2 protein chains.
Amino acid sequence: MNTLAEENYLKAIYKLSLTAGNVSTNQIAAELATKASSVTDMVRKLAEKALVNYTRYQGVSLTKAGEKVALNIIRRHRLWEYFLVEKLHFKWDEVHDMAEEMEHISSTELIDRLDAFMGHPTRDPHGDPIPDCDGNFKVTELKPVSTVEINTAGVISGVRDHSASFLQYLERQQLTIGKHIIIKEVISYDNAVILEMENTQIQISRDVANNLLIAL
Amino acid sequence: MNTLAEENYLKAIYKLSLTAGNVSTNQIAAELATKASSVTDMVRKLAEKALVNYTRYQGVSLTKAGEKVALNIIRRHRLWEYFLVEKLHFKWDEVHDMAEEMEHISSTELIDRLDAFMGHPTRDPHGDPIPDCDGNFKVTELKPVSTVEINTAGVISGVRDHSASFLQYLERQQLTIGKHIIIKEVISYDNAVILEMENTQIQISRDVANNLLIAL
DNA sequence: TTATTTTTTTAGACTTGTCTAAAAATACAA
DNA sequence: TTGTATTTTTAGACAAGTCTAAAAAAATAA
């Protein structure tokens with residue numbers, strides 16, 4: 001079907017497309033820790049397979065077909081993450097690299113049965129939605145804690161930074177998916193945010209508040 | 001660690017070593033559906049990594065280190081096969097190709113937890129033993145039905161042919177792992193074998209009798 | 001033992017995906 | 001708008017793993 005390298009490019013382009021329109025060669029290179037010249041070559045190849053739209057110097061976007069492939073990879077990644085946490089009891093900061101390998105296992109029958117085995121979960125351990133087998137998923141609007149008004153109540157529902165160190169920090173502060181919080185105050189000096197959770201106050205930095213997402 | 005190609009070579013060499021001493025270039029080429037010249041190159045590379053013993057024109061054998069790697073791959077393969085059958089309810093003739101991909105997932109922590117999750121199974125769905133994390137497994141002596149005396153009783157415990165078509169045939173005849181059988185007669189004309197199982201008689205061909213293994 | 005066949009290795013080439021260095025196009029600043 | 005800086009592409013090279021064709025070694029037969 002598609003090579004491992006091709007799948008990784010499609011996933012990177014999908015991810016970058018969420019925050020930009022056309023994705024630049026350099027952005028992809030940074031995302032994949034490779035060089036812009038390598039990206040140019042691969043993007044040509046993907047364009048020939050009709051998985052991306054590409055014109056020289058104009059950046060890249062996924063075609064419908066390319067998006068479908070990307071969403072399938074993401075589906076597999078997130079289902080395996082769910083499996084690792086729920087069935088094998090890994091912690092949410094430990095599963096990314098393993099899922100990165102497992103997402104390339106190709107059988108769709110396998111993935112559909114895995115999905116059923118786990119009861120068709122809709123979100124992975126980090127709160128990200130799991131696309132169904134047709135690539136559909138519900139888009140719940142989540143907001144960074146740093147962007148909501150004082151006295152807003154919400155439920156921790158996702159993260160923007162998926163790094164192990166950030167997830168470990170959240171774990172230590174008990175700021176995990178599903179917790180109910182209220183934004184109490186923003187310190188004007190450094191934009192630190194004071195939250196209330198389970199009747200205790202927690203202070204988090206501007207950075208943390210930017211990367212912690214809540215559903216209202 | 002080792003590349004995918006390297007792992008496949010080590011596994012093939014291990015498998016061939018079970019029935020021969022030193023394995024020839026041509027045998028490996030046949031096993032992996034590649035050419036002898038490619039094998040020579042790869043075997044050189046594996047010799048440099050001290051995973052095989054190799055001298056020109058003399059064939060190949062695994063070193064202790066190479067055997068350890070091979071047994072690890074086999075462990076992973078068989079544990080995933082067990083998972084696919086026991087947890088995802090695939091049939092025993094459907095799992096080989098999927099496990100062939102999954103065996104290359106590298107995390108040992110993952111495999112050890114998978115092992116625990118399934119209750120440390122000792123045999124895969126085809127009756128083959130699953131090595132533990134140190135590469136140890138018990139060698140139960142199994143005999144092809146074609147080699148035992150008349151009136152011998154035994155338990156179906158393994159197969160020598162793992163092809164989907166053979167497994168499907170056995171399934172249809174209910175000749176599955178764990179069934180108790182008695183060898184009743186060998187037809188001298190074509191060496192077909194008549195078995196008794198659950199008080200009914202079943203006739204199987206010489207070929208089938210050769211590939212069906214029982215524990216006495 | 002010598003000749004012939006078979007097996008294995010060598011030599012050189014190809015593909016995929018990557019890289020560096022240089023050229024071309026675009027973007028930005030004065 | 002012209003010159004400079006940045007981004008992107010091109011050109012050529014390299015590593016891994018494979019292939020074909022030819023040469024070398026080993027096995028077999030006469």
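All values derive from a computational prediction rather than experimental measurement. These numbers come from the heavy atoms of this one structure, side chains and all, not from hydrogens, waters or symmetry mates. Chain letters run A, B, ... following the sequence lines, proteins first, then strands; residues in each count from 1.
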Side-chain heavy atoms of Q173(B) within contact of I204(B), under 4.5 Å: no

Sidechain N-carboxylate O distance under 4.0 Å for D112(A), R75(A): yes

Sequence neighbours excluded - salt bridge (charged side-chain N to carboxylate O under 4.0 Å, His left out) pairs with any residue from residues 80-103 of chain A: K11(A)-E100(A), K11(A)-E103(A)

Using atom [atom1] of [X] as one end and atom [atom2] of [N] as the other, report the distance to the nearest whole Å.
X: E7(B); N: dA16(D); atom1: CD; atom2: P; result: 17 Å
X: N2(A); N: dT16(C); atom1: CG; atom2: P; result: 14 Å
X: R44(A); N: dT9(D); atom1: CZ; atom2: P; result: 7 Å
X: Y54(B); N: dT8(C); atom1: OH; atom2: C1'; result: 7 Å
X: D41(A); N: dA11(D); atom1: CG; atom2: C1'; result: 10 Å

Those residues of residues 17-33 of chain B lying under 4.0 Å from DNA chain C by at least one heavy atom: S24(B), T25(B), N26(B)

How many angstroms lie between atom CH2 of W92(A) and atom CD of E171(A), to the nearest 0.5 angstrom? 6.5 Å

With ring-ring contact (aromatic ring centres under 6.0 Å, His included) as the rule and sequence neighbours excluded, what pairs involving residues 10-62 of chain A come up? none

With sequence neighbours excluded, give me every ring-ring contact (aromatic ring centres under 6.0 Å, His included) pair touching residues 93-119 of chain A. H77(A)-H96(A)

When you compare the protein's N or O atoms with those of nucleotides 21-29 of chain C, which come within less than 3.5 Å of each other, and at what distance?
from: dA25(C); atom 1: O4'; to: Y57(A); atom 2: OH; distance (Å): 3.3

Under 4.0 Å between a side-chain N/O of [X] and OP1 or OP2 of [N], yes or no?
X: Y9(A); N: dT18(C); answer: yes
X: T40(B); N: dT9(C); answer: yes
X: S38(B); N: dC19(D); answer: yes

Can you find a side-chain donor-acceptor pair between D161(B) and S163(B) that sits under 3.5 Å? yes

If you check the K35(A) side chain, which of dT20(C), dT18(C), dT10(C) turns out closest? dT20(C)

By side-chain hydrogen bond (donor to acceptor under 3.5 Å, both in side chains) - contacts of D128(B) (at least two apart): H162(B)

Result of checking N191(B), D207(B), N210(B) against S146(B) for side-chain hydrogen bond (donor to acceptor under 3.5 Å, both in side chains): N210(B)

